[in-house]
Amino acid sequence: MIVERIATGSFILSTGQLVSIVIGLAFSIVVARLLGPDNYGLLSISLTYPLLLASIADLGLGNVISSLTAQNNPLGKVYAWTGLITRTITSMVVGLATFILADFFASILARPEIASYIRTLSILTFSMSLLSAIVAVLNGLGKYKFSASVSILQYIVRGSVVVLLLILGLGLRGAVIGYAVSYAIIVLIYTIICIAMLGKPLFSRSIVVEMVSAALPLYAAHLGHMFLGPLVNTILSRHVSNYDLGNYNVALNSLAPINALVGSISIVLLTTLPLLRNNSKVLKERVEESIYYAAIISTSLSLLYLSILKPTIYLFYGKSYADAPLYALVYSMSIVLSIVFGMTIIGNYFIILKRTVWNALIGLAGTTTTLLSSYILIPVYKTMGAPLAYVLGSLASSILALLIATRIMGLNINYGKNLKALLAPLVSFIIAYTTASMIPRTTLSIITGMIAYIAVYLTLLPLVLDKGVIKRIFEIASRIELVGKIIMKLGSIYLKII
């Protein structure tokens, strides 16, 4: 049950994220064309503070709600209801704050004419904040299909409503109303779904205290991470050109599929491993196993995508973004480091045990290192200094997470095995990336790169991993709904060959 939930949940959430990315990109292009550069810019800047306040309202409760809801007993529903009610209150507060402070935000942005837009978007602030809590509950309940449908439906409804209002000639105001109304519709739909799943409302003040106590350290880390990007961009803006900034932002956008994959696996583990919290020994063993297998699977898939990243960027953004692939590759090292060290899974383990103070310290180490490195590296290495700073920040937080996990929490993690498992995808990446880069036609380059990576990877895999480990990977993948049987058949053929 545990393996099946992890495999299927990861696949569903990753697929949902990727589909929503494609839908969001398509609608953003249409909206940008209908509005034109000036109005599209005003829409983007009008969203700045409503989205910021929606994020601030989390209080770190999202992950805690997911973890505590994941219980095979009625208490899980008490945690779910208590979390939802608490987040409804905080969502109302930030929504009201957005409405009241609209003129202030507009003046800060030096565009007083958008105050009325920000007031309308206060509905968006409330809706997005509450929607994130609903998603946390759905994940905790193991309803990953519903959770994935949220991310897909929000892009479909938002895009459709906004485009319709623009076609009707309502212009920028129509786009703003479209954002507000679409999220209000979505949050209403999923609130009804959640109520149907949870039944009679339940609330406990003691659970509020328990959840907030566990969440506040996470909130501290969340706030640091939330402001890190704008601070690094501020440093960048003082040292590099608009051309470089454009390439850097495209580089970050291009890594969305990897972030979706890693994030989905992390969410599923956070909402599945708590089912073992009553057996600390088995929980610890599953965490150690998850770090190893997640490192193999996530790294292999991430480097497959990175091997065709250059032609992919050229295909979607054009060859004028010639520097973006290199920035993306360097930045991706920060993600790969966190995968190999199992940082997100270790963080989830701390959340399950309600030892979230460690999450705060790890987050502080990463944020501080990244920020200080940015101040030092960006003036010297210009745009490349930013991704290098993120790599150093990831390294610092990963090392600290490793020390806490092994020295204090008693986890037995064999990182020699993790690094050895990295050899096959790393060599495959180097060969595939080099091969793909030599082909001028982007589509052919992508196809060739993928074939080269898969061929080299499957050849090298038996040399670095035991056959039993490979068999276990295929067993895990075979539990995935819809595609599991196909993977198992292919796996059986591959295992016979090796």
Side-chain angles (χ1 to χ4, degrees), residues 20 24 27-28 30-59 61-62 84-136 150-151 153-192 219 222-223 226-227 229-230 233-234:
S20 63
F27 273 116
S28 68
V30 175
V31 172
R33 288 180 178 275
L34 290 173
L35 279 176
D38 289 339
N39 282 334
Y40 191 66
L42 278 177
L43 175 63
S44 300
I45 203 166
S46 297
L47 289 165
T48 301
Y49 285 102
L51 293 179
L52 178 63
L53 266 67
S55 181
I56 288 175
D58 178 73
L59 296 179
L61 285 168
L84 277 177
I85 293 170
T86 304
R87 280 295 302 276
T88 300
I89 295 170
T90 60
S91 299
M92 291 172 65
V93 170
V94 294
L96 184 60
T98 304
F99 185 88
I100 294 172
L101 297 173
D103 289 306
F104 174 69
F105 291 148
S107 65
I108 290 177
L109 295 169
R111 288 166 178 81
E113 70 274 14
I114 66 172
S116 62
Y117 301 151
I118 296 176
R119 272 189 284 272
T120 302
L121 290 169
S122 63
I123 299 172
L124 172 73
T125 302
F126 166 78
S127 301
M128 286 193 71
S129 176
L130 181 55
L131 190 62
S132 67
I134 291 172
V135 170
V150 173
S151 59
L153 190 62
Q154 66 178 319
Y155 282 107
I156 293 175
V157 174
R158 186 186 75 189
S160 301
V161 173
V162 170
V163 169
L164 175 62
L165 293 177
L166 289 176
I167 292 174
L168 292 175
L170 296 181
L172 177 57
R173 181 166 297 279
V176 170
I177 293 172
Y179 267 80
V181 170
S182 60
Y183 276 94
I185 293 171
I186 294 167
V187 81
L188 177 61
I189 292 171
Y190 284 96
T191 298
I192 294 171
Y219 190 51
H222 170 70
L223 285 176
M226 186 171 63
F227 287 104
N233 287 341
T234 301

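- Once rounded to the nearest 0.5 Å, the distance linking CD1 of Ile108 with OH of Tyr49 reads 4.5 Å.
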Could you check Val150 against Ile134 for side chain to side chain contact (heavy atoms under 4.5 Å, CB included), going step by step and ending with a plain yes or no?
CA-CA 9 Å; Val150 173; Ile134 291 172; 5.7 Å; no
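- Between Phe126 and Thr88 the shortest heavy-atom distance is CE1-O, 4.1 Å.
- Taking CG of Leu124 as the reference point, atom CG of Leu47 lies at 6.5 Å (rounded to 0.5 Å).
- Residues satisfying the side-chain hydrogen bond (donor to acceptor under 3.5 Å, both in side chains) test with Tyr183, not counting sequence neighbours, are Gln154, Arg158.
- Summarising the geometry of Tyr117 relative to Val176, their closest heavy-atom pair is O-CG1, 3.6 Å, with the distance given to 0.1 Å.
- Residues satisfying the side-chain hydrogen bond (donor to acceptor under 3.5 Å, both in side chains) test with Tyr219, not counting sequence neighbours, are none.
- The backbone N or O of Tyr179 lies less than 3.5 Å from a partner atom in the side chain of Ser182, making a donor-acceptor pair.
- Here the side chain of Thr125 pairs a donor or acceptor atom with the backbone of Pro50 at under 3.5 angstrom.
- Within 6.0 Å of the CZ atom in Phe99, the count of heavy atoms belonging to other residues, nucleotides or ligands does not exceed 12.
- The heavy-atom pair separating Ile118 from Ser46 by the smallest distance is CG1-O, 3.9 Å.
- Partners of Val30 by side chain to side chain contact (heavy atoms under 4.5 Å, CB included), not counting sequence neighbours, listed by chain and number: Leu34, Val163.
- The distance from atom OG1 of Thr90 to atom CD1 of Ile85, rounded to the nearest 0.5 Å, is 12.0 Å.
- Pairing each heavy atom of Thr98 with each of Phe105, the nearest pair is CA-CE1, 4.3 Å.
- Rounding to the nearest 0.5 Å gives a distance of 5.5 Å between CG of Leu165 and CG of Leu170.
- The two residues Val187 and Ser127 make their nearest non-hydrogen contact at CG2-O, 3.7 Å.
- Closest non-hydrogen pair, Ile186 versus Leu153, comes out as CD1-O, 4.0 Å.
- Here CD1 of Ile177 is found 10.0 Å from CG of Leu172. Values are rounded to the nearest 0.5 Å.
- Residues forming a side chain to side chain contact (heavy atoms under 4.5 Å, CB included) with Ala175 (at least two apart in sequence, or on another chain): Leu35, Leu43, Val162, Leu166.
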Walk me through whether Arg119 and Asp103 qualify under side chain to side chain contact (heavy atoms under 4.5 Å, CB included).
CA-CA 9 Å; Arg119 272 189 284 272; Asp103 289 306; 3.2 Å; yes
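- In this structure, the side chain to side chain contact (heavy atoms under 4.5 Å, CB included) partners of Leu188, at least two apart in sequence or on a different chain, are Ile192.
- Under the side-chain hydrogen bond (donor to acceptor under 3.5 Å, both in side chains) criterion, Ser129 pairs with Arg87, Ser91, not counting sequence neighbours.
- With no hydrogens or angles considered, no side-chain donor-acceptor pair links Arg173 and Thr120 at under 3.5 Å.
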